[in-house]
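The block underneath contains the structure these notes are about, expressed in C-alpha cells.
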Amino acid sequence: MHKLLRTKRPYLEGRKVKKAAGIPHMFDSEKDGTVIQSYYGYGPKITRIEGQGNGGNILDLTDESVNQILSTGFMKNPTYQNGRGPIKVKVIDPLNVPNSTFTVKFLKLPSTPYTSTFTPIPNQWSSVSTTTNTYANGQAYVATGSIARNDSITWVLTNLSNNKIYQPNKSIKVGEEFYFSELGLSVSIEQVPDPGGVLTGTVAFANANPGDFLEGTMTFADPTKQWLTGLADTDDGSPTNWIRSGENISQSPTDYNDYLTDPDRVFAKVLEGTWSPYNLTGSTKKNATGTGIAVPAGPGYSGNFFATNDGNKPADTDFRFLSSVDVVFTPDKSKWTRCVVLEMQDDSLLSENVTRHFSMRDHASVDKNGNIGDGIVSMTDPNDADYISNKSMGWFPGYAINLETGERLNMAFGEDSYNFTDNGNDMRWNPTSRVSSNTYDNAFGGRHYIYVFGHNKDATYGPIMNGPFAGAVSLTNTPIGAGRYDAGKQIYDQMRASNSLSTTVGTAVGGLQWPIKNVMFDAMWVNVPLLESSQYAFKDPANMPCEAKVRLRVRKPYRFGYSTVWANRIPSTATNYVANNLSTGYLVSTAPINLPSDISTTPQNNDLPMYQFSTDDIYTMFGNGTAAKNALDYVRIVPNPYYAYSKYESRRIDNIVRVTNLPSVCTIKIFTMNGTLVRTFKRDVSGQEDEYTSDNDTKQSKRSPYLDWDLKNQYGIPVASGLYIFHIDAPGVGEKILKWFGVMRPIDLQNY
C-alpha cells in the first residue's frame, strides 16, 4: 500500500446543523393580526451622527435630507434611504423586528468585552491613521489621514429602548456579518480604502483598484424624454479619447497614451464613458513651437497654461479624493448653482478678449435668465447678475451633493467662446448635440464641460506672500482649494489671482500657477455633455425637457470628522507658503491638529463614526385588528372541489381536506345545504407562534396554520358526496363563510 494511503489523518467532524421544518402560509392572522413592513435583506433609514465614509456601501439620501442640504449647504445629520446607508443593517427575520431606536458607535477594540456601563474612550483620534503616504515620485500625500484604523476599531450596537448592548468585539478589518436573532437584524461593517488608496503602510498606490467604483446611473423624471448624454470616450489617437484609462501606450500621436493609473479600466466606462474622474482626463496641449494645438479640446488643466509647450495631464490630483456624488439637472432655478465659467477655446487668439484656455471667461456675469447686470457686485443677492463677481460667473442649472459628507459642492462649467453656433459664448449651460462639423472640428456641444469639486481640506494660504508669490498676495490667509459650496467665491478668488497676471511676470510664473492648481486639486468628476438629439435643443436651461439625475458611487473609508480628509495649520515662519510644496506643506505632523477641523461642538463619540437608526418603518406590527380581519379572506379549503383524493392522504383509507390560513382562535362549523350541522371544530393555538417542538432533530413551530377534516361527521361516519357550507367564527375578529364540494370514493373493502 502506498505510504500516503497509510497516513493517519485526524477526523474533522462537519458542522452540525439543526434541521427546521415549516409550512408556507399567510402570517397575517398570527398574534391577533400581524403586519410585516420589511422583507429579508431590507434595511432601515440610517442617520449619520458623527464621522464620514461609506464602508463600500452604496448611498442614497432621503428627499428631506437633500432639501435640507440645498437650503443650508451642509447637513451634520443626513438620513439615508432604507438599505442605502453607510453601514449595512439588514433584516434577517421580518417577523421579529422590534420597534426601537439603535445607535452604532465606532470605538477602540478593547482587550476585554464592554459592559453595560461602558463609556466612549477619550482621545480617540489616536485610533485614526495619520500616516503620511507617498506617491511613486516621492511627493508626500496624506492618503490615510483621518481614516479609522481597520485593525484597532470595533463597533457597538445599542438598543436605546432598553440600553441593551450588542458587541461583536472584532475589528472592522473584515466585514463579518453578525446576526441578532432577537432583533431580526444583522449588522456588518468593513473598513475599505479610498479609491486608489490603501489602509496602512508608508507607500500609497495612486492607481485605481478593482472595486473602487461601485455604481453609476442616469435617470430622467420623464423616462420618455432622455435628453441628456455625453461624449463617449474612444481609445484612439483623436480628441474623443478624452479619458486616459487603460494600458495603451502605443497611440499615435503619443500624447493620447493612457496614463497607466487605471490599468484595469475601473473608471473607463462610467455611464458608457461619458463621465470620468478628473485625473484621468486629457488636457489641451500646444505645439512645441507655440503655433497651433497638438491636442485639442481636453477638459483637464495641464498645470502650466503660461508655457509655450503645455503638458497634457491634469496636475496634482488622484483618485483618493473621489467621493460619491449626485449631480442633478433641474429647471427649478431655486436649486441652481452659482459658479465660474471657464474658457474652453484652445487658441487664445480665437477666444473672446484673447482669453487663455482654462482661464475664467472674460465676459460679464449673468443672472439665472442670462441677463447682464449693472456691474455693481453683490455678495448677498443671488438674483443679482453680479452676485459674487461682475465677471466670469454664471449658473449651472442644478446642483451636486457629496453623499458621504452631506455637503453641497461647488461646481464649474466651460464654454468655447469662439463657437457661438453651439451656444459657447453666452455664459449659460446649454450644450447642443453636435460632436463635430465641416466648419468646426471637435465642437463637443459647445464644450460645456461640467466640473464637480470636493471639499477635501481645510487649509489657508500663508500669512506672508513674497518672492515668486508676491503677485498672489490677495490670497493671504484665505482658504485653499474648492471648499464647501459658497456660490463659487472661493474658487473665483483663487482663479482670479492666476488669471489676472501677465504671462511676462518672469520668475513669478511658476508660483502663480499654484492658486489654480490648488483649485483643480479638488476636482473630482468631469463630464463632456451632449444633447441626445437636436429635438431637445434649448437656449435657456430652464427649458430643459425634464429633470435628470446622475449618480456616481465609489467606496470611501470611515473617517474622523464630518468632512474633508485633513486640516492643516497655518505656518508661522514660512514666508512663501502657499500649500504648494507637497513634500512639506500638506501634513507637517501626525498630531490631532492635522485631523479634519469640521467636527462636532458637542461630540457624542469623539468625532469617530457614529450612526443612528430607527425601525419605526420596518418593525413587525402585532395585534393589528384590521390585519386579522383581512386575513380571513385568505382562508381556503384545499382541495376544492374534492374528487375522491387529495395529496394530504398518505394511506388507502385516508380521506382528508385541509382548511388553511386559519386564525389562532376560531370555531369551524360544517353544514349541509339544508342547514344540518355536520361537524364542529374548536381551534386555539394562541401563544404558540414562538414555541417550537423538536422531533428527530428537526425544529418545528407548535402553531399550525391549518386544520384537517377527515370527511366524517360528529359521530365518525363518512359524509356523503355533495355541497357543504363552512362557517369560521373568530371571536373579536370576524366571520368567514365558504362553500365546498366533495365527491366521496367507494369504501375500500380490501382494508376491512
Side-chain angles (χ1 to χ4, degrees), residues 51-54 73-74 128-133 135 139-148 192-197 204 206 208 212 277-280 301 303 314-325 327 400-412 451-461 478-486 488-491 493-495 514-526 552-569 578-582 585-588 593-599 607:
Q52 56 177 301
N54 65 28
F74 171 58
V128 174
S129 174
T130 53
T131 303
T132 301
N133 289 303
Y135 284 126
Q139 291 179 313
Y141 169 70
V142 57
T144 58
S146 70
I147 293 179
V192 298
D194 277 308
D212 284 346
Y278 170 73
N279 65 299
L280 286 177
Y301 171 60
D316 306 314
T317 186
D318 69 31
F319 295 107
R320 287 167 288 197
F321 281 150
L322 281 179
S323 294
S324 302
V325 300
V327 182
I401 289 178
N402 185 320
L403 277 290
E404 281 83 38
T405 64
E407 298 174 286
R408 184 171 184 175
L409 301 174
N410 276 307
M411 303 181 69
Y451 298 85
V452 180
F453 295 91
H455 174 209
N456 296 307
K457 55 185 174 290
D458 285 320
T460 56
Y461 289 93
T478 62
I480 291 172
R484 185 179 295 157
Y485 180 65
D486 61 351
K489 184 180 185 306
Q490 189 168 317
I491 292 176
D493 288 344
Q494 292 169 90
M495 298 197 78
W514 283 103
I516 189 171
K517 282 187 176 183
N518 283 328
V519 169
M520 299 313 298
F521 191 70
D522 285 339
M524 295 194 297
W525 296 98
V526 178
L552 302 171
R553 302 292 185 263
V554 296
R555 62 182 178 185
K556 293 294 287 185
Y558 299 110
R559 273 194 162 89
F560 178 94
Y562 285 126
S563 67
T564 74
V565 176
W566 52 273
N568 199 77
R569 64 185 177 91
V578 290
N580 65 321
N581 188 345
L582 295 179
Y586 276 148
L587 186 66
V588 179
I593 193 172
N594 294 108
L595 292 173
S597 57
D598 189 6
I599 57 178
D607 292 296

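Numbers here simply count residues along the sequence, with the first being 1.
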**Study point:** Residue list, side-chain hydrogen bond (donor to acceptor under 3.5 Å, both in side chains) with Asp493, at least two apart or on another chain
**Key:** Lys489

Check your understanding: So do the side chains of Arg555 and Asp212 get within less than 4.5 Å of each other, counting heavy atoms only?
Key -> yes

Review point. Within the distance-only criterion (no hydrogens, no angle test), does the side chain of Trp525 pair as donor or acceptor with the backbone N or O of Ser323 below 3.5 angstrom?
Key: yes

Check your understanding: Does any donor atom in the side chain of Ser324 or Glu404 lie under 3.5 Å from an acceptor atom in the other side chain?
Key -> yes

Exercise for review: Please tell me if the side chains of Tyr278 and Phe321 come closer than 4.5 Å, counting only heavy atoms from C-beta onward.
Suggested key: no

Check your understanding: Charged N to carboxylate O below 4.0 Å: is that the case for Arg559 and Asp194?
Key -> yes

Review point. Do NZ/NE/NH1/NH2 and the carboxylate oxygens of Asp522 and Lys457 come within less than 4.0 Å?
Key: yes

Review point. Do Tyr485 and Asn410 have side chains that get closer than 4.5 Å, going by heavy atoms?
Key: yes

Point to revise | Side-chain (Lys556) to main-chain (Leu322) donor-acceptor, under 3.5 angstrom | key: yes

**Study point:** From CA spacing to verdict: side chain to side chain contact (heavy atoms under 4.5 Å, CB included), Ile599, Asp607
**Key:** CA-CA 6 Å; Ile599 57 178; Asp607 292 296; 3.4 Å; yes

Practice item. Could you tell me whether the side chain of Asn518 and the main chain of Ile480 form a donor-acceptor pair under 3.5 Å? Key: no

Practice item. For residues Leu280 and Phe319, determine if any side-chain heavy atom of one lies less than 4.5 Å from a side-chain heavy atom of the other. Key: yes

Practice item. May I ask you to check whether Asp458 and Ser597 show a side-chain donor-acceptor distance below 3.5 Å? Key: yes

Check your understanding: Quick one: does Arg553's side chain have a donor or acceptor within less than 3.5 Å of a partner on Val325's backbone?
Key -> yes

**Study point:** Donor-acceptor contact present, side-chain Gln490 to main-chain Gly481, <3.5 Å
**Key:** yes

Check your understanding: What's the shortest heavy-atom distance between Ser563 and Arg484, and which atoms?
Key -> OG-NH2, 3.2 Å

Review point. Are any of the side-chain heavy atoms of Met524 and Tyr451 separated by less than 4.5 Å?
Key: no

Practice item. Heavy atoms only: give me the nearest Gly454-Ala482 pair and the separation to one decimal. Key: O-CB, 3.7 Å

Review point. When you measure from the side chain of Asn402 to the backbone N and O of Gly406, does any donor-acceptor pair fall under 3.5 Å?
Key: no

Practice item. Spell out, as yes or no, whether a donor-acceptor pair under 3.5 Å connects the side chain of Asn54 to the backbone of Val554. Key: yes

Review point. What pair of heavy atoms forms the shortest contact from Thr405 to Phe74, and how long is it?
Key: O-CE1, 3.3 Å

